[in-house]
Amino acid sequence: MPRYQPSRIEPKWQEWWEARGTFATPRLPAGRKAYILDMFPYPSGDGLHVGHPAGYTATDIVARFERMRGTTVMHPMGFDAFGLPAEEHAIRTGTPPRQSTERNIATFTRQLKMLGFSYDWERVLATTDPDYVRWTQWIFLVLFDTWFDPVLQQGRPIAELPIPPDVEAAGQAAVAAFRDGHRLAYQSEAPVNWCPALGTVLANEEVVGGVSERGGHPVVRIPLRQWMLRITAYADRLERELDGLDWPASIKKLQSDWIGRSTGAEVDFPIGAQEGADSAFARWKAARATTGFPETPGHEVLRIYTTRPDTLYGVTYMVVSPEHPLLDALTVPGQREAVAAYRAAAARKSDLDRTDLAREKTGVFTGTHVVHPLTGTAIPVWVADYVLASYGTGAIMAVPAHDDRDFEFAGTFGLEVTTVVEPDERPAKPGELFTGEGRAVNSGGYTGLATREFISRVADDLENVGLGRPAVNYKLRDWLFSRQRFWGEPFPILHELGADGEPTGILRAVDPAELPVALPELTDFKPGDTPDPPLSRSPAEWLFVERDGRRYRRETNTMPQWAGSCWYYLRFLDPRNTDRFIGPEIERAWMPVDLYIGGAEHAVLHLLYSRFWHKVLYDRGHVSHPEPFGRLVNQGMILGEMEFTGYRSPKGGWVSAEKRGGDDVPAKVPADQVEKQGEHFVLRDAPQVRVESRAYKMSKSRGNVVNPDQVVRDFGADALRLYEMFMGPLEATKPWSTSGVSGVRGFLDRCWRLVVDERADDLVLAPQVCDESPTEDQLRELHRTVDKVTRDIESLSFNTAIARMMEFVNFCTPLERRPRAILEPFVTILAPFAPHLAEELWAMLGRPAPVSLAAWPQVDGRWLRDDTVEVPVQVQGKLRGRVTVPADADAETMRSAAAADPKIAELLAGREIVKVVAVPGRLVNFVVKG
RNA sequence: GCCGGAGUGGCGGAAUGGCAGACGCGGCGGACUCAAAAUCCGUUGCCCGCAAGGGCGUGUGGGUUCAAGUCCCACCUCCGGCACCA
């Protein structure tokens with residue numbers, strides 16, 4: 001009984017391909033190239049999820065298709081293997097992260113191979129490989145060695161950074177500090193979420209409502225020395241250069257919004273002018289008129305950023321963020337206690353709390369006033385956490401009449417509201433909130449100006465008198481690049497130690513020849529009592545080194561998981577190069593990536609970070625193209641199987657879903673006990689009870705996770721691949737359905753029976769398979785199938801490609817004679833989708849393996865054209881009949897053919913024909929009167 | 001609140017402004033079988049009708065058009081993301 005048995009043929013062909021290196025990619029492409037890339041997975045302990053093969057199958061189909069068309073294809077796979085779970089596992093069990101990571105990679109590799117993906121496994125890499133870490137660290141050193149030239153808008157070697165004379169004069173240490181302050185990789189104090197109970201620093205997403213997600217322990221934000229990457233320097237280029245990319249518009253917009261460019265003005269408000277101190281203010285203004293607007297503000301002014309300098313005359317108070325450096329200086333003795341308490345409370349709040357929970361505005365008056373630079377009036381300064389320290393200058397001018405946050409704050413604290421903008425279409429109402437554009441009122445010499453004109457004019461005016469200047473800001477922040485973790489790349493940086501054993505502040509890059517800086521062997525991964533990174537507990541022989549007679553302590557922070565994924569697409573091209581991170585000739589030949597498929601969860605960060613690194617490498621001449629990824633596609637999420645949920649009251653009876661209360665408990669209802677009634681699903685036995693129907697995200701806690709191993713065992717890898725592609729459009733979110741899998745498995749069974757005689761005792765061809773010439777009908781069917789499948793692969797519409805192949809099989813199944821000349825091309829186009837079955841059928845048909853490298857069939861256009869077409873005939877736009885006409889019939893021919901149809905003639909009899917629409921090859925429509 | 005995306009049979013979905021529901025699941029009927037499974041064939045949007053046939057149908061309400069699932073306006077629901085960025 002030679003039935004289709006995936007468990008027999010799939011491993012066989014996987015071994016065959018591997019043994020012969022079927023999918024090995026040459027060093028350089030010959031002719032047309034295609035770099036087809038998946039977002040590589042994090043090898044979690046749970047193994048492959050059914051979401052992974054969705055994207056991986058899509059790229060695999062395209063890769064196999066391109067290969068069959070003669071393209072040289074690069075299709076690699078690897079592992080993003082640093083990351084928190086391995087470290088937490090280590091803390092719990094004492095297993096070194098490298099060990100558990102290797103075990104997980106082995107599982108992922110087995111599962112990926114089981115699905116028959118045509119990766120060149122010779123190129124596999126993990127971001128944790130010492131050889132890979134070496135080059136990640138090397139790229140960090142490139143960043144460390146680069147400053148951004150704002151004039152050329154380009155990253156340049158730090159040695160080329162112009163040193164101002166006064167810095168030069170201050171000596172070598174000053175020059176070094178100046179350089180360190182301009183590098184793309186620099187150090188700064190940044191707040192971290194330190195959880196004393198867990199003894200570890202937490203990522204933002206691990207902190208929920210001010211306590212740790214695990215354990216619910218309190219978390220405090222404390223400043224810690226951190227490594228930052230100056231991604232903001234590249235903000236403009238990262239935004240502008242999105243333009244030329246073949247990415248979904250929605251992803252481009254997401255990135256652009258994330259970068260969040262805004263334009264406006266910076267304005268200085270002098271601090272501390274008392275009543276009657278007009279002369280001091282006048283002197284300050286006069287001085288500014290000659291010195292101009294200083295690059296950095298002194299302590300005598302409060303500098304603010306605003307996008308609406310046209311509302312300058314409506315300022316009624318100022319706000320500084322709780323972390324503002326001038327806050328202490330601004331606070332008068334009487335307010336000191338209140339301000340200190342407020343600041344302490346703000347420090348306890350995480351970013352999430354400051355936004356999510358505390359919507360109502362809070363703040364404290366500092367007791368100080370600043371002077372309005374144009375009107376000279378005194379303006380009170382408040383501290384409030386609705387102003388963020390990390391954006392703009394960390395201080396704002398508040399215009400309650402024209403900003404909803406300021407309006408709300410002013411309402412809470414009874415502050416003045418001064419209207420200075422009037423809507424175009426009506427007069428302003430005093431005390432109302434109006435955030436739109438209009439014309440200026442009550443604004444000195446600017447009164448009457450339109451918002452836009454006001455903005456550009458006032459920014460220039462302010463600049464001319466040294467009180468302000470036009471400014472650009474980004475929501476994008478510099479990238480906090482260090483983690484207080486063990487399982488990451490160590491920084492290749494040494495901190496010089498003084499005679500006292502304390503750091504001198506002088507940094508030294510590790511010599512590239514010494515890379516990689518390997519992680520030390522730790523036996524104890526347990527957290528400590530301080531927020532120092534685990535590496536600070538390394539053995540002294542790792543931690544302390546001597547170079548050129550000086551003592552150094554190694555940097556003990558590690559890089560975030562993003563680091564490795566920032567450049568893996570480059571290393572795949574030249575994975576064993578020991579001299580360079582990638583050979584230039586190879587890079588030029590293969591880059592950029594032609595198709596990049598992965599989950600939308602990486603739409604912003606991963607793609608932005610890699611683009612940033614790539615641009616730095618480009619500026620420094622290490623890569624040849626400014627953008628890494630040409631065409632990008634996000635595959636949709638796969639949800640669990642559809643579930644019906646009913647609700648039971650505490651007394652036990654059913655409660656209709658729309659009437660449920662808090663006490664009612666959800667209960668799963670089997671699908672066969674439910675039926676649809678109108679808009680809703682109801683219980684079959686109690687139709688007055690509505691139930692909810694929904695598919696949920698797969699999760700362990702919900703217990704709806706589908707395991708790919710199990711699916712392969714039950715249906716085969718080809719069925720899993722095919723099903724994931726048949727479910728719906730690649731980019732859509734769609735629910736899993738086990739009966740759907742069995743449906744495509746049925747299709748594969750039918751493919752098998754098209755070629756193989758299932759009733760014979762031995763594996764032999766079906767008796768219908770013959771060497772006869774195909775009929776015209778058969779050729780037409782074949783060529784139309786090939787044509788549709790070809791176009792659908794190009795547009796990644798795999799679901800409709802499969803549907804078309806199903807139609808072909810449905811067409812062939814009843815044939816008593818099945819010519820090889822149509823079966824063989826069909827098996828060829830099936831190969832990218834169901835490669836194992838295709839290889840087996842190809843061999844059955846006596847063709848030399850592998851079909852995976854067989855030539856893609858050519859479509860003969862003459863089989864795509866029809867001699868005659870059946871077109872619909874409408875009367876008043878309603879379908880009333882059909883007529884068959886020659887395919888090339890003109891409108892008049894079609895009209896008369898339609899009018900001659902007895903049924904149509906009857907409908908038209910006695911009515912006046914107002915108009916006839918006849919679209920050649922499409923339809924005829926009679927528009928009649930009466 | 002803001003920004004995306006999506007609403008089409010019992011279900012997943014298909015449809016360059018031109019025959020709505022391809023293909024698959026599920027259902028129903030039949031053939032094969034002692035029977036069942038498997039397989040093959042047919043049928044399957046809803047309503048009225050014995051039938052011929054007719055009516056209604058792509059979230060809701062309007063509009064454009066000879067013709068709208070598709071274009072425009074307003075709204076509703078669901079999903080995803082962002083969220084005090086001055």
Side-chain angles (χ1 to χ4, degrees), chain A residues 3 248-251 253-254 257-258 260-262 264 304-308 311 319 351-352 354-356 358-359 361 384-388 390-399 402-406 408-409 473-477 600-601 603-604 636-637 639 642 671-672 674-676 679 681 693-695 697 723 726-729 731-744 746-747 749-750 753 758-759 797 799-807 810 813-814 870-882 914-919 921-928:
Chain A
R3 302 177 48 145
S250 57
I251 301 294
K253 189 168 183 310
L254 225 53
D257 288 351
W258 187 266
R261 184 178 201 269
S262 82
I304 60 92
Y305 170 74
T306 176
T307 55
R308 289 293 298 272
T311 58
V319 183
D351 282 345
L352 271 170
R354 274 173 75 160
T355 56
D356 240 16
R359 281 242 79 123
K361 300 273 182 290
D385 66 4
Y386 82 91
V387 171
L388 308 176
S390 49
Y391 184 77
T393 60
I396 61 152
M397 63 176 208
V399 186
H402 306 293
D403 179 284
D404 29 34
R405 296 150 300 187
D406 298 345
E408 194 192 324
F409 189 86
N473 262 296
Y474 301 93
K475 278 199 222 176
L476 181 69
R477 309 295 154 84
E601 65 274 22
V604 177
M637 205 191 332
L639 304 175
M642 166 91 94
D672 59 1
V674 153
E675 65 186 8
K676 188 140 190 189
E679 294 282 277
F681 282 91
S693 73
R694 223 196 112 168
K697 200 166 154 171
Y723 172 65
F726 187 63
M727 293 170 86
E731 287 155 277
T733 302
K734 39 209 181 272
W736 185 266
S737 151
T738 299
S739 60
V741 191
S742 94
V744 292
F747 164 67
D749 281 315
R750 286 158 69 85
R753 285 192 297 269
E758 202 178 59
R759 273 173 293 195
S797 308
N799 54 333
T800 48
I802 293 165
R804 191 65 187 86
M805 291 192 284
M806 287 173 168
E807 288 186 73
N810 292 344
T813 298
E870 193 190 54
V871 297
V873 180
Q874 300 180 338
V875 175
Q876 299 293 60
K878 289 197 177 187
L879 180 70
R880 293 301 175 187
R882 294 188 175 84
V914 179
K915 187 176 176 182
V916 181
V917 182
V919 184
R922 309 263 14 160
L923 61 39
V924 182
N925 186 11
F926 292 96
V927 186
V928 297

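Numbers restart at 1 for each chain; the letters A, B, ... are given by sequence-line order, proteins then strands.
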Revision key, fill the gap. Separation of B:rA6 atom P from A:Glu731 atom CD, nearest Å, is 10 Å
Point to revise | salt bridge (charged side-chain N to carboxylate O under 4.0 Å, His left out) against A:Arg804, all qualifying residues, sequence neighbours excluded | key: A:Glu781
Distances for protein N/O vs nucleotides 53-60 of chain B N/O pairs under 3.5 angstrom?
| residue | atom | partner | partner atom | Å |
| --- | --- | --- | --- | --- |
| B:rC56 | OP2 | A:Lys878 | NZ | 3.3 |

Review point. Is there side-chain contact between A:Lys915 and A:Phe926, with heavy atoms separated by less than 4.5 Å?
Key: no
Review point. With respect to the phosphate group of B:rA86, does any side-chain polar atom (N or O) of A:Tyr386 fall under 4.0 Å of OP1 or OP2?
Key: no
Check your understanding: With a 4.0 Å cut-off on heavy atoms, is A:Ser390 in touch with a base, just the backbone sugar-phosphate, or nothing at all?
Key -> nothing
**Study point:** Shortest side-chain distance from A:Leu254, nucleotide among B:rG81, B:rC84, B:rC82
**Key:** B:rG81
Point to revise | Pairwise side-chain contact, A:Arg880 with A:Gln874, heavy-atom cut-off 4.5 Å (strictly under) | key: no
Practice item. Mind calculating the distance between CE (A:Met727) and P (B:rC25) to the nearest angstrom? Key: 15 Å
**Study point:** Counterpart base for B:rC78, defined by Watson-Crick or G-U wobble contacts under 3.5 Å
**Key:** B:rG5
Detail all sub-3.5 Å separations between protein N/O atoms and N/O atoms belonging to nucleotides 62-64 of chain B.
none

Revision key, fill the gap. With sequence neighbours left out, the residues meeting salt bridge (charged side-chain N to carboxylate O under 4.0 Å, His left out) with A:Arg261 are A:Asp236
**Study point:** Partners meeting salt bridge (charged side-chain N to carboxylate O under 4.0 Å, His left out) with A:Lys253 (sequence neighbours left out)
**Key:** A:Asp257
Point to revise | A:Lys734 side chain near B:rG13 phosphate (N/O to OP1/OP2, under 4.0 Å) | key: no
Check your understanding: Atom CE in A:Met637, atom CD in A:Glu731: separation rounded to 0.5 Å?
Key -> 14.0 Å
Check your understanding: In Watson-Crick or G-U wobble terms, both distances under 3.5 Å, what is the partner of B:rG29?
Key -> B:rC41
Review point. When rounded to the nearest 0.5 angstrom, what is the spacing between OH in A:Tyr305 and CE in A:Met397?
Key: 11.0 Å
Review point. Roughly, in whole Å, what's the span from CD in A:Gln876 to P in B:rC66?
Key: 12 Å
Exercise for review: Under 4.0 Å between any heavy atoms, over every strand shown, what does A:Ser250 touch: base, sugar-phosphate, or nothing? Just pick one.
Suggested key: sugar-phosphate
Check your understanding: Which value, in whole Å, describes the distance between the C1' atoms of nucleotides B:rA6 and B:rA36?
Key -> 44 Å
Check your understanding: Can you tell me how far P of B:rG4 sits from NZ of A:Lys253, to the nearest Å?
Key -> 5 Å
I'd like a list of close polar pairs between nucleotides 30-39 of chain B and the protein, N/O only, cut-off under 3.5 Å.
| residue | atom | partner | partner atom | Å |
| --- | --- | --- | --- | --- |
| B:rU39 | O3' | A:Arg753 | NH2 | 3.2 |

Study note, to complete from the structure: Judged by whether its glycosidic angle lies within 90° of 0, B:rG4 is anti
Practice item. Would you mind reading off the distance between A:Asp385 atom CG and B:rC84 atom P, rounded to a whole angstrom? Key: 11 Å
**Study point:** Base paired to B:rA35 (Watson-Crick or G-U; both N/O distances under 3.5 angstrom)
**Key:** none
Review point. Given the P atoms of B:rC23 and B:rC72, what is the spacing between them in whole Å?
Key: 31 Å
Review point. Quick one: A:Asp404 CG to B:rA83 C1', roughly how many Å, whole number?
Key: 13 Å
Exercise for review: Please list, chain by chain and in numerical order, all residues satisfying ring pair (Phe, Tyr, Trp, His ring centres under 6.0 Å) with A:Phe409, sequence neighbours excluded.
Suggested key: A:Tyr317, A:Trp382, A:Tyr386, A:Phe413
Review point. Residues in side-chain hydrogen bond (donor to acceptor under 3.5 Å, both in side chains) with A:Arg882, at least two apart?
Key: none
Check your understanding: Do A:Lys361 and B:rC84 have a side chain to base donor-acceptor pair shorter than 3.5 Å?
Key -> yes
Revision key, fill the gap. Using Watson-Crick geometry (N1-N3 plus N6-O4 or O6-N4) or G-U wobble (N1-O2, O6-N3), each under 3.5 Å, B:rA15 is paired with none
Check your understanding: Are any non-hydrogen side-chain atoms of A:Thr813 and A:Arg750 less than 4.5 angstrom apart?
Key -> yes
**Study point:** Results of ring pair (Phe, Tyr, Trp, His ring centres under 6.0 Å) for A:Trp736 - residues two or more places apart only
**Key:** A:Tyr723
Point to revise | A:Ser262 vs A:Thr813, nearer the 5' end of RNA chain B by closest nucleotide | key: A:Thr813
Point to revise | B:rG10 versus B:rG54 - spacing of their C1' atoms, nearest Å | key: 26 Å
Review point. Of A:Arg694 and A:Thr393, whose nearest nucleotide on RNA chain B comes first from the 5' end?
Key: A:Arg694
Review point. When the C1' atoms of B:rU60 and B:rU77 are considered, how many whole Å apart are they?
Key: 10 Å
Review point. Rounding to the closest angstrom, what is the interatomic distance between B:rG7 and B:rU16 at atom P?
Key: 14 Å
Practice item. Spell out protein contact along nucleotides 14-23 of chain B as letters: B when the base is contacted, S when just the sugar-phosphate is, - when no protein heavy atom is under 4.0 Å; keep the 5' to 3' order. Key: S-B-BB--BB
Exercise for review: Select base, sugar-phosphate, or nothing to describe what A:Gly743 touches, counting heavy atoms under 4.0 Å on all strands.
Suggested key: sugar-phosphate
Check your understanding: Hey, are the side chains of A:Asn925 and A:Val916 touching, using non-hydrogen atoms and a 4.5 Å cut-off?
Key -> no
Practice item. Determine whether A:Val399 and A:Arg308 make a side-chain contact, defined as any pair of heavy atoms from C-beta on separated by less than 4.5 Å. Key: no
Point to revise | Distance, C1' atom - from B:rC3 to B:rU8, rounded to whole angstrom | key: 26 Å
Point to revise | Separation between the P atoms of B:rC2 and B:rG12, rounded to whole Å | key: 30 Å
Check your understanding: Is there a side-chain contact between A:Ser693 and A:Val674, using heavy atoms and a 4.5 Å cut-off?
Key -> no
Practice item. With sequence neighbours excluded, tell me which residues meet side-chain hydrogen bond (donor to acceptor under 3.5 Å, both in side chains) with A:Ser737. Key: A:Ser739
Review point. Counting side-chain heavy atoms from C-beta on, which of B:rA86, B:rC84, B:rG10 comes nearest to A:Phe681?
Key: B:rG10
Review point. Rounded to the Å, how far apart are A:Ile251 CD1 and B:rG5 P?
Key: 11 Å
Exercise for review: Only counting residues at least two apart or in another chain, list the ones meeting salt bridge (charged side-chain N to carboxylate O under 4.0 Å, His left out) with A:Glu675.
Suggested key: A:Arg684
Check your understanding: What nucleotide among B:rC11, B:rC25, B:rC3 has an atom nearest to a side-chain atom of A:Asp257?
Key -> B:rC3
Practice item. Could you state the atom-to-atom distance from CH2 of A:Trp736 to P of B:rG24 in whole Å? Key: 19 Å
Check your understanding: Using a cut-off of 4.0 Å on non-hydrogen atoms, how would the nucleic acid contact of A:Lys676 be classed: base, sugar-phosphate, or nothing?
Key -> sugar-phosphate
Check your understanding: Is there a Watson-Crick or G-U wobble partner for B:rC84 with both distances under 3.5 Å, and which nucleotide is it?
Key -> none
Check your understanding: Do the side chains of A:Val873 and A:Leu923 get nearer than 4.5 Å, heavy atoms only?
Key -> no
Review point. What integer number of Å spans the C1' atoms of B:rG18 and B:rC71?
Key: 14 Å
